[in-house]
Amino acid sequence: MFVQADISTREGVDKVIREVLDHLGGVDILVNNVGGSSAPSGGVLALGDEDWQHTIDTTCSPLSVWTADCCLEC
């Protein structure tokens, strides 16, 4: 199963959860495994504010949304 969505937005996360629940009927195990980096060649010390926010939006913030929404739906 593949669902294309922007998981840095609440709407994107909701879309994935909705499609998974529609297709599979529920979530028995949730593994939050999102990663990535927008670090330029200078590494994390060269990250600007927008880079940090993008990292938080795509790796940290979705964790709580995924977990809460999946628990509420199951």
Side-chain angles (χ1 to χ4, degrees):
M1 174 178 187
F2 176 80
V3 179
Q4 183 175 351
D6 178 0
I7 62 161
S8 68
T9 68
R10 178 65 185 225
E11 295 79 20
V13 172
D14 289 344
K15 175 185 176 184
V16 174
I17 292 171
R18 208 172 34 253
E19 290 194 28
V20 167
L21 293 175
D22 288 347
H23 185 75
L24 301 175
V27 176
D28 295 323
I29 298 171
L30 176 65
V31 177
N32 286 305
N33 186 25
V34 176
S37 174
S38 54
S41 60
V44 295
L45 297 178
L47 288 174
D49 290 342
E50 285 184 23
D51 296 319
W52 275 113
Q53 190 59 53
H54 175 74
T55 300
I56 297 300
D57 289 344
T58 56
T59 59
C60 297
S61 297
L63 296 177
S64 62
V65 176
W66 287 106
T67 304
D69 286 1
C70 284
C71 287
L72 289 173
E73 295 294 331
C74 298

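When a residue number appears, it is its place in the shown sequence, counting from 1. Just so we're clear, the structure is a prediction, and the values are computed from it rather than from any experiment.
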Inset, instruction - Could you please spell out the steps behind the side-chain contact (heavy atoms from CB on, under 4.5 Å) verdict for Asp49 and His54? - result: CA-CA 9 Å; Asp49 290 342; His54 175 74; over 6 Å; no

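Looking at Asp69, its side chain never comes within 3.5 Å of a backbone N or O of Trp66 through a donor-acceptor pair.
With sequence neighbours excluded, the residues that form a side-chain contact (heavy atoms from CB on, under 4.5 Å) with Thr9 are Asp6, Glu11. Shown here are the side-chain contact (heavy atoms from CB on, under 4.5 Å) partners of Ile56, two or more places apart in sequence or in another chain: Gln53, Cys60, Ser61. Qualifying salt bridge (charged side-chain N to carboxylate O under 4.0 Å, His left out) partners for Asp57, counting only residues two or more places apart in sequence or in other chains: none. Partners of Val3 by side-chain contact (heavy atoms from CB on, under 4.5 Å), not counting sequence neighbours, listed by chain and number: Met1, Lys15, Val16, Glu19. Under the rule for a side-chain hydrogen bond (donor to acceptor under 3.5 Å, both in side chains), Arg18 has no partner lying at least two apart in sequence or in another chain.
Between the CD1 atom in Ile7 and the CG atom in Leu63 there is a gap of 8.5 Å [rounded to 0.5 Å].
Across every non-hydrogen atom of Cys70 and Val27, the tightest pair is SG-CG2, 4.1 Å. Smallest separation of non-hydrogen atoms from Ala5 and Gly12: CB-O, 3.5 Å.
Connectivity analysis of hydrophobic side chains (ILVMFWY, heavy atoms under 4.5 Å, direct or indirect) links Val31 to Ile29.
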